Engineer: 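Sharing a structure, written as structure tokens. Questions coming.
By convention here, the first residue in the shown sequence is residue 1. One-based numbering, in listed order, for ligands and for the atoms of each. This structure is a prediction, so every number in the text was calculated from the model and none was measured.
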Amino acid sequence: MIAGERSPPDQLAARWRREFPIVETCTYLVSHSLGAMPRRAGESVHAFADSRMTRGVRAWSEGWWEMGRTVGDLLAPIIGAPAGSISMHQNASVGQAIIGSCFRYDGRRRKIVLTSLEFPTNIYVFEGFRRYGAEIVVVPGQDAISTNLERLLDAIDEQTVLVPLSLVLFRSSYIQDATAVIEKAHRVGAHVVLDIYQAAGVIPIDLGGLGADFAVGGSVKWLCGGPGAGYLYVRPDLGRTLEPAFVGWAAHAEPFAFEAAAIRYADPPERFQSGTPNVPALYAARAGYEVVADIGVAAIREKSLRLTRRLIERATSAGFRVNTPLADEQRAGAVIVDVPDGYATTQELIRREVIVDYRPGAGIRMSPHFYNTVDEIDHAMDVLRDIVGAQSRG
Ligand SMILES: Cc1ncc(COP(=O)(O)O)c(C=O)c1O
């Protein structure tokens, strides 16, 4: 759409804005960080409180204990996974640590290959496996935006155990070529741990079709599910054979037998669970998944592309540098706009109720979601131009 052209009727915003109170109070363009909270998540958290207050310990056998599985099953169709393949955890870091603990690093095959553009937690978690013999190979990015795919593929060899890979890079919103990485990894006998945090709920994902071995992420961002609800997908055939060292009693085949011996693993997905599920977070997350499933990721993506194109048009016509791929097929939900003194500019945007964030080395991250409108994009860009103009006038 060309700036100034009339936009098509925005049915998603008309239908959903009332469900997200915060979008009526500010220009909320930060769903890559914390998606807006749906009213029904508030109601769901109240339902948790009611069940705790009125049912007490009986609530465990009235749905709480199985919530990791049942909430994972709600998420599964959103990311192209079958029922029973997802376990729920505190966050994505825990999910990755559990996967890391399924493998050995004391033989010839002991490399973990990842790029310098990964979200830092991915590097921190896998660096920790050096003490068990892992060799960590960090492949430098092409630039601030994208991976050097050729170098990454070359680094994956017969000595590689794992390749942690963000489907969407957090700094640039760049969609990585997961198909090529999975194909190379499988050719040499390695496994790929896809981090789908910046992808789930905003771009279509087909974990089954991709043949991903593992996937991790959380519910805080595009899924509008809130903190404390990380997820771990394990490819069903792998899930039946892997034995995580990082376990807890909820991963036992018979947790209520309270056996004091080495674990007898449950079937997936419980096999990858640790201890007691994070029940209140799961109540909240469930509501976000329901909204995203109700709208459908294809419709969210279609709208997201319309709004991010608009953002890019407005940013480039104002002469700002965009640190996000311009091609639709390479760009996920955020647009990163680089302006002089980006940190101070971000603070001023927030002061003027345009809620965005800033990442050093990237710029101001701005993310429309299904509840935002074209008018909000235009307003945010008008305010940004105004702030930058005032700065340059001195
Ligand atoms: C791509 C990506 N991975 C991981 C994380 C964080 O993971 P965790 O759930 O462990 O906090 C983020 C958070 O911003 C992220 O953007």
Side-chain angles (χ1 to χ4, degrees), residues 29-36 68 71-72 75 79 86-101 112 114-129 138 141 144-147 162-178 181 192-203 205 207 212 214-233 246 272 274 277-278 281-282 284-285 288-289 323-325 330-336 355-367 369:
L29 292 174
V30 74
S31 300
H32 58 267
S33 174
L34 183 68
V71 172
L75 174 64
I79 57 176
I86 295 173
S87 54
M88 300 299 297
H89 303 274
Q90 168 71 20
N91 51 47
S93 308
V94 170
Q96 293 181 97
I98 291 169
I99 292 312
S101 85
I112 300 177
L114 72 184
T115 83
S116 58
L117 298 175
E118 283 299 312
F119 189 82
T121 210
N122 304 359
I123 300 178
Y124 304 155
V125 166
F126 290 104
E127 276 282 336
F129 284 87
V138 180
I145 298 181
S146 56
T147 304
L162 290 175
V163 184
L165 181 84
S166 288
L167 181 57
V168 172
L169 294 175
F170 81 103
R171 252 200 210 94
S172 62
S173 203
Y174 176 78
I175 303 176
Q176 305 222 69
D177 188 346
V181 175
V192 174
V193 189
L194 263 195
D195 175 344
I196 57 170
Y197 212 146
Q198 288 291 357
V202 70
I203 66 169
I205 304 174
L207 287 179
F214 310 104
V216 297
S219 307
V220 170
K221 306 173 191 298
W222 309 98
L223 291 167
C224 301
Y231 46 83
L232 167 61
Y233 160 84
F246 178 168
F272 298 97
S274 50
N278 192 357
L282 297 176
Y289 301 168
N323 279 338
T324 302
Q330 289 183 337
R331 182 180 73 251
V335 174
I336 291 78
I355 313 300
V356 294
D357 69 9
Y358 172 77
R359 287 290 174 272
I364 302 172
R365 296 194 301 176
M366 308 175 87
S367 305
H369 208 0

Engineer: For ligand 1, would you mind listing the residues that have at least one heavy atom less than 4.0 Å away, ordered by chain and number?
Structural biologist: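 Shell around ligand 1 (4.0 Å, heavy atoms): N91, A92, S93, F119, T121, F170, D195, Y197, Q198, K221.
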Engineer: Is it the case that over 12 heavy atoms from other parts of the model lie below 6.0 angstrom from the OH atom of Y124?
Structural biologist: no
Engineer: Show the numbers, then the answer: is there a side chain to side chain contact (heavy atoms under 4.5 Å, CB included) between Q176 and L117?
Structural biologist: CA-CA 11 Å; Q176 305 222 69; L117 298 175; over 6 Å; no
Engineer: According to side chain to side chain donor-acceptor pair (under 3.5 Å), who are the partners of T324, at least two apart in sequence or on a separate chain?
Structural biologist: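 Checked T324 against side chain to side chain donor-acceptor pair (under 3.5 Å); zero matches.
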Engineer: Are the side chain of S219 and the backbone of A229 linked by a donor-acceptor contact shorter than 3.5 Å?
Structural biologist: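 Pair found, side chain donor or acceptor close to backbone of A229.
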Engineer: Mark yes or no for whether R365, through its side chain, and S173, through its backbone, hold a donor-acceptor pair below 3.5 Å.
Structural biologist: no
Engineer: Rounded to the nearest 0.5 Å, how far does CG of D177 lie from OG of S146?
Structural biologist: 12.0 Å
